[in-house]
Amino acid sequence: MSAESRKADQERPPTARVFFALRPPEALVGTLADVARHAAERLGGRPTRCDTIHLTLAFLGDVPVDDLPVLQAIGDSVQCSRFTLRIDRLGYWQHKRLLWAGMSDVVDGLRDLHRQLQGALAASGYRSDSAAHGFAPHITLVRHMPSGGADSKVTGAGNLHPLDWPCSNFFLFKSDLHSSGPDYAILQTYSLA
Ligand code: 2AM
């Protein structure tokens, strides 16, 4: 790294990689992590670890650390009721080489939570990934699946024994990236009514 780029780095305000997400209860995390591990053993790829299993509501990417209080307050402004998700299917996205668990039916409570959060973020000038690309609620189970062949094998496993997930809170997470995978820390917890 040149002296100039080192200086430019030092002058840039510190940032944090953040996202809002739901986190399943521990029993469900264990079940989903088992599904992830078994699929990765069978098909290859990197299974999501127990401590990073989540469903993203809004991914913001790198934001200035000084913005964190504003983002924390945005979560506080969301007034939604609790709901239950039924996780009952596995899917595979070829373009991302990613196996995920999700729902045949996306309940209104989840759509409402996503809509309110997006609205509050947009009102404060933030644009999240799902605002740009639409909301496709999913729990990533395996990343970096080998291309070629994985698609049809995974499609064969399309249904998952239904798992009920009562959602009574959501979180603002910070993500630190490492070569072994990301580490997540909860910055704020929000309750659903
Ligand atoms: P994924 O599970 O589909 O990869 C933390 O990075 C979370 O934010 C991940 O669950 C990831 O979704 C999601 N996310 C959404 N858009 C992202 C992006 N552009 N880059 C990285 N993560 C993103």
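When a ligand or atom number is given, it counts from 1 through the structure's own listing order.
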Would you call R17 and L177 a side-chain contact if the rule is heavy atoms closer than 4.5 Å?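 Of all side-chain heavy-atom pairs linking L177 with R17, at least one is under 4.5 Å.
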Drop me the distance from [X]'s [atom1] to [Y]'s [atom2], to the nearest 0.5 angstrom.
{"X": "Q94", "Y": "M145", "atom1": "CD", "atom2": "CE", "value": "10.5 Å"}
{"X": "Y190", "Y": "F171", "atom1": "OH", "atom2": "CZ", "value": "10.5 Å"}
{"X": "L85", "Y": "M103", "atom1": "CG", "atom2": "CE", "value": "5.0 Å"}

Can you pull out the closest protein heavy atom to [atom]? Residue, atom name and distance to 0.1 Å, please.
{"atom": "atom 19 (N) of ligand 1", "result": "D129 OD1, 3.4 Å"}
{"atom": "atom 3 (O) of ligand 1", "result": "H138 NE2, 2.6 Å"}
{"atom": "atom 10 (O) of ligand 1", "result": "H54 NE2, 2.6 Å"}
{"atom": "atom 8 (O) of ligand 1", "result": "F59 CD1, 3.1 Å"}
{"atom": "atom 4 (O) of ligand 1", "result": "R143 NH1, 2.6 Å"}
{"atom": "atom 1 (P) of ligand 1", "result": "T140 OG1, 3.4 Å"}
{"atom": "atom 11 (C) of ligand 1", "result": "T56 OG1, 4.1 Å"}

May I ask you to check whether T84 and D164 show a side-chain donor-acceptor distance below 3.5 Å?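 The answer is no; no qualifying pair exists.
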Below 4.0 angstrom from a heavy atom of F19, which ligand 1 atoms are there? Numbered from 1 as shown, please. 5 (C)
Any atoms of ligand 1 less than 4.0 Å from a non-hydrogen atom of Y184? List them with their elements. 5 (C)
How about CZ on R111, more than 12 heavy atoms from neighbouring residues, nucleotides or ligands closer than 6.0 Å, or not?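 12 or below, so no.
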Pairs where residues 63-88 contributes a residue and the test ring-ring contact (aromatic ring centres under 6.0 Å, His included) is met, not counting sequence neighbours: none
Is ligand 1 under 4.0 Å from a heavy atom in the side chain of F20, in the backbone, in both, or in neither?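 The answer is neither.
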